[in-house]
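What follows is one structure encoded as C-alpha cells, with my remarks underneath.
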Amino acid sequence: MTNITTVVDRYTAVWNESDAQLRRRAVAELWAHDGVEYVEGARFDGLDELVARIAHAHTEFVGSGTYRAAHAGDLRRHGDAVSFTIRLITSTVGEIAWAARVFLILDAEGRIREDYQLTIQPLADR
C-alpha cells in the first residue's frame with residue numbers, strides 16, 4: 001500500500017521545485033502518464049499539460065519568492081482516494097494566503113490518476 005504521507009509530501013514539493021528539469025521528473029514520477037488535474041474549472045490532461053500548469057503556478061507564486069506551498073497535515077485516505085489541504089504560505093510572515101482542498105485518486109502503483117483542487121480560501125488581490 002502506498003504511504004500517503006510520502007505522496008502528499010512529494011505533491012507539495014513539486015509546487016516548490018525551482019529547477020525545471022527536476023520538477024518535470026518529479027511530475028512524471030508522481031502522476032500517471034495519463035493523469036489529469038481539475039482546478040478552477042480547468043482541466044489539465046497528461047504529463048505535458050501538468051508540467052506546464054505547475055511551471056506556470058510556480059513562476060507566478062513560488063518562484064517570485066512571495067509564497068511557498070505547504071500541506072496542512074490533515075491527510076486522509078480511503079482506498080485509492082487521498083484528501084488534504086494545500087496552502088500558499090507567505091514567505092515573509094508565514095500567513096496562509098490561499099488554501100485548497102485536494103482530492104487525489106491513485107492508481108495501483110500509487111501514482112495520481114486524478115487530481116482535484118477546490119479552493120477554500122481564495123488568494124486576496126495582490
Side-chain angles (χ1 to χ4, degrees):
M1 182 170 278
T2 303
N3 180 319
I4 65 165
T5 301
T6 301
V7 170
V8 173
D9 286 346
R10 290 173 56 210
Y11 181 93
T12 304
V14 161
W15 302 95
N16 288 317
E17 180 56 60
S18 59
D19 182 287
Q21 289 181 327
L22 292 176
R23 187 172 47 244
R24 177 176 274 287
R25 185 177 319 135
V27 169
E29 291 171 355
L30 190 56
W31 272 268
H33 73 280
D34 58 350
V36 61
E37 181 185 44
Y38 301 92
V39 60
E40 305 300 331
R43 177 182 171 136
F44 302 91
D45 286 295
L47 295 179
D48 288 340
E49 286 188 17
L50 288 165
V51 167
R53 182 266 194 279
I54 293 167
H56 180 270
H58 180 273
T59 299
E60 186 172 355
F61 302 111
V62 178
S64 67
T66 305
Y67 306 105
R68 64 181 170 78
H71 66 78
D74 56 347
L75 292 59
R76 299 289 181 265
R77 180 181 193 149
H78 182 76
D80 61 354
V82 175
S83 68
F84 61 97
T85 304
I86 192 165
R87 302 169 169 169
L88 285 179
I89 309 293
T90 59
S91 297
T92 53
V93 284
E95 292 179 346
I96 299 167
W98 170 89
R101 193 71 182 157
V102 176
F103 298 89
L104 305 176
I105 306 298
L106 306 179
D107 66 14
E109 287 79 40
R111 290 188 174 171
I112 301 168
R113 279 193 342 240
E114 297 175 41
D115 172 2
Y116 301 85
Q117 277 191 22
L118 305 169
T119 298
I120 55 176
Q121 179 181 333
L123 189 63
D125 290 335
R126 294 183 271 160

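Residues: numbered from 1 along the sequence shown. Just so it is clear, the model here is predicted, and its values are computed rather than measured.
- Distance CZ/Arg111 to CG/Leu106: 11.5 Å, rounded to 0.5 Å.
- Shortest non-hydrogen contact noted between Arg68 and Ser91 is N-OG, 4.2 Å.
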Donor-acceptor pairs under 3.5 angstrom involving side-chain atoms of residues 79-86: please list them, not counting sequence neighbours.
unit_1, atom_1, unit_2, atom_2, d
Ser83, OG, Arg101, NH2, 3.0
Thr85, OG1, Asp74, OD2, 2.7
Thr85, OG1, Arg101, NH1, 3.0

Distance-only donor-acceptor hits, side chain of residues 29-37, under 3.5 Å, sequence neighbours excluded:
unit_1, atom_1, unit_2, atom_2, d
Glu37, OE1, Arg53, NE, 2.4
Glu37, OE2, Gln117, NE2, 3.2

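- Here the side chain of Thr12 pairs no donor or acceptor atom with the backbone of Ala69 at under 3.5 angstrom.
- The side chain to side chain contact (heavy atoms under 4.5 Å, CB included) test with Tyr67 is passed by exactly one of Leu123, Thr92, Ile96, Asn16: Leu123.
- Listed here is the closest heavy atom pair of Trp15 and Val62: O-CG2, 3.7 Å.
- The backbone N or O of Asp19 lies less than 3.5 Å from a partner atom in the side chain of Glu17, making a donor-acceptor pair.
- The hydrophobic clustering, which links ILVMFWY residues whose side-chain heavy atoms are closer than 4.5 Å, places Ile120 and Val102 apart.
- Between the CZ atom in Arg24 and the CG atom in Leu47 there is a gap of 8.0 Å [rounded to 0.5 Å].
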**OP:** For the pair Leu75 and Arg77, evaluate side-chain contact (heavy atoms from CB on, under 4.5 Å) and give the outcome as yes or no after the intermediate values.
**Re:** CA-CA 7 Å; Leu75 292 59; Arg77 180 181 193 149; over 6 Å; no
Subject >> Test side-chain contact (heavy atoms from CB on, under 4.5 Å) applied to His71 and Asp9, step by step >> reply: CA-CA 8 Å; His71 66 78; Asp9 286 346; 2.8 Å; yes
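- Between Phe44 and Asp115 the shortest side-chain heavy-atom distance does not fall below 4.5 Å.
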